[in-house]
Amino acid sequence: MAEAEAFYITTPIYYVNDKPHIGHAYTTLACDVISRFMRLDGRDVMFMTGTDEHGQKVENSAEAAGVEPLAFCDGVSQNFRDLSPMLNFTNDGFIRTTEDRHTVACQAIWQAMVDSGDIYLDSYAGWYSVRDEAFYAEDELQDGANGEKLSPFGAPVGWVEEPSYFFRLSQWQDRLLAYYEEDPNRILPQSRRNEVLSFVKSGLRDLSISRTSFKWGVPVPGDDGHIMYVWVDALTNYLTAVGYPDTEAESFKKYWPADVHMVGKDILRFHAVYWPAFLMSAGLAPPKRIFAHGWWTVEGKKMSKSLGNFIPPQDLVDRYGLDQARYFMMRELPFGNDGNFSHTAMVNRMNSDLANDFGNLAQRVLSMINKNCDGAVPNPGLLTVDDSALLIPARALLANMRGAMESQTIHQALIQLWEVVGEANRYVDSQAPWALKKTDPARMATVLYVLAEVIRHLAILAQPVVPDAASKMLDQLAVPEDQRSFAALNDAGMLVPGTPLPKPQGVFPRYSGPEEGDDAKSGA
RNA sequence: GGCUCCUUAGCUCAGUUGGUUAGAGCACGGGAAUCAUAAUCCCGGUGUCCCCAGUUCAAAUCUGGGAGGAGCCA
């Protein structure tokens with residue numbers, strides 16, 4: 001048997017100063033769904049997430065909390081690690097930038113960039129905001145209440161002048177453009193690719209990549225007074241995770257370059273411009289794809305500290321159910337677009353798509369089998385044209401969904417799946433097995449078999465998004481654990497007539513909680 | 001200020017290289033059915049395809065201008 005094709009996908013590493021909210025959950029969820037799909041499809045998947053723990057803000061927060069930075073990070077990093085069990089994420093690892101192996105990797109890539117002549121020492125002066133971690137030009141600043149200078153985002157700034165190492169980004173314009181041209185889907189969605197292209201075409205300036213003003217970070221090799229700028233440090237995690245600097249390591253040879261870096265649109269530039277340039281400078285292959293997804297608003301409003309409307313992922317799970325929350329986030333909006341979270345939309349999705357369409361389909365079919373076929377997989381007779389009309393699209397689903405997942409259009413994959421759910425429901429009505437029960441029991445058995453087989457396809461293919469519910473459905477069809485990958489979506493995996501089936505139970509309950517509004521949900 | 005993109009049914013959106021009566025889901029109304037989680041199935045839209053002008057035998061689809069919105073950059 002041929003070796004499985006590797007697939008390496010990453011989330012950004014999350015900044016420990018933040019509290020996990022629906023936005024973080026969303027990014028990791030998308031990677032989880034893609035990872036699960038790829039695994040079921042026979043790929044050798046490496047799915048990484050983690051936390052970004054360096055920088056002046058962390059240093060300050062730790063000081064304010066009266067603890068050592070690392071102890072501070074240990075605590076808050078755990079909040080992000082907790083997302084995995086909470087949302088059923090299947091990440092293969094969790095990386096922290098405070099790990100020793102990461103320091104080694106950062107210093108190695110730095111040295112490689114030095115060796116290729118892309119790093120030089122100069123000095124940097126400008127208005128700097130600790131909160132934004134960015135420098136600003138004089139004319140970008142706004143005036144604060146007391147005449148103080150503020151960043152465009154309203155953060156305090158101070159004049160900073162310090163020696164700094166620079167990366168010769170200005171020399172990489174043509175090579176970056178060639179890298180983008182090489183694959184028109186290098187950066188997705190297309191609108192984001194356009195932005196990156198116009199940014200790079202407008203000319204690149206050398207990039208300041210070290211600081212001397214704080215200590216909490218990775219020291220520059222051979223010059224301990226300098227700490228690496230947050231992005232060299234953070235981005236390198238993707239290499240650390242697969243064994244860099246040991247480029248002969250099995251994991252590195254297998255997984256690098258990454259297949260997909262999933263990012264929020266706010267950090268696209270770092271991933272699509274700086275990171276490929278760093279990598280190429282260090283003699284390493286740049287990532288195959290960078291996908292920038294959109295933002296969620298909540299009930300039509302941007303999430304913000306002042307509104308305090310961040311949705312903790314746990315609230316979603318508690319209120320609507322784990323699979324329901326996962327399904328909603330993946331289905332509600334075209335992946336890549338911005339979208340709005342609302343209670344009404346959430347309940348609509350879980351009731352219409354999950355309970356009414358998919359859940360009820362399984363329930364009505366399994367119930368009929370349970371009552372009329374001795375609680376076992378029915379024995380089919382010859383198939384008719386009507387049967388084929390349903391089976392053919394069901395069997396075509398894998399190829400179609402694979403196409404969608406390869407371009408990260410996750411919502412499209414789900415739309416395709418639900419088209420077959422709809423056809424199956426129509427087939428139930430047109431075949432009316434409850435009537436056949438009296439007139440033609442053999443035909444009834446055939447119809448129910450066809451339906452069970454179609455539900456087997458649907459449940460196997462739904463596993464990446466609604467793993468728990470799909471697995472319960474497969475249990476009810478008595479599909480063995482080792483027959484649940486996509487490889488089982490062929491004749492050999494077909495349900496065996498006569499196999500005893502357990503008593504069916506609904507897997508997608510309708511929403512029955514409070515009607516509307518946030519006040520109703522928590523007495524806490 | 002420069003660049004990119006968007007504006008299609010009440011809501012969310014599809015609409016390939018211009019071509020017969022512009023589509024889907026949800027919501028809404030009517031009907032059928034009764035296996036099922038009061039779920040399912042069928043039927044139902046006189047929508048200025050943002051506005052104006054142009055190209056064309058023919059434009060939601062191309063060109064120019066305008067209005068509104070989003071994003072990236074400076």
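Numbers restart at 1 for each chain; the letters A, B, ... are given by sequence-line order, proteins then strands.
The side chain of K371(A) sits closest to C35(B) out of U37(B), C41(B), C35(B). Side-chain proximity of N360(A) to the nucleotides A36(B), A27(B), U37(B) is greatest for A36(B). Taking only side-chain atoms of E195(A), from C-beta outward, the nucleotide of G71(B), U37(B), C5(B) with the closest atom is G71(B). Ranking A27(B), C73(B), A36(B) by closeness to the F199(A) side chain, first place goes to C73(B). Taking the side chain of K265(A) as heavy atoms from C-beta on, and the options U40(B), U37(B), G71(B), the nearest nucleotide is G71(B).
Taking the charged nitrogens against the carboxylate oxygens, D32(A) and R36(A) do have a contact shorter than 4.0 Å, which makes a salt bridge. D386(A) and R443(A) are not joined by a salt bridge, as no carboxylate oxygen comes within less than 4.0 angstrom of a charged side-chain nitrogen.
Using P as the reference atom, C13(B) and G54(B) are 33 Å apart when rounded to the nearest Å. The separation of C3(B) from U20(B), taken at their P atoms, amounts to 35 Å, rounded to a whole angstrom. C52(B) sits 12 Å from U61(B) when the P atoms are compared, rounded to a whole Å.
Donor-acceptor pairing under 3.5 Å is recorded for the side chains of Y14(A) and T28(A). No hydrogens or angles considered: a donor-acceptor pair under 3.5 Å links the side chains of Y274(A) and R269(A). Residues N370(A) and S367(A) have side chains that never bring a donor and an acceptor to within less than 3.5 angstrom of each other.
Within 4.0 Å of K437(A), counting heavy atoms only, lies no atom of the nucleic acid at all. Residue contacts shown for S191(A) are absent, as no nucleic acid heavy atom lies under 4.0 Å away. As judged by a 4.0 angstrom heavy-atom cut-off over every strand, R426(A) is placed among residues touching the sugar-phosphate backbone only. Using a 4.0 Å heavy-atom distance criterion, D357(A) is classed as a sugar-phosphate-only contact.
A close approach under 4.0 Å does occur between a side-chain nitrogen or oxygen of R269(A) and OP1 or OP2 of C73(B). Taking only side-chain nitrogens and oxygens, K201(A) never comes nearer than 4.0 Å to OP1 or OP2 of C73(B). Distances shorter than 4.0 Å separate none of the side-chain N or O atoms of R192(A) from OP1 or OP2 on G71(B).
The partner of U17(B) is absent, by the rule that a Watson-Crick or G-U pair needs both atom distances under 3.5 Å.
Contact annotation: side chain of N356(A) to base of A39(B), donor-acceptor pair absent below 3.5 Å.
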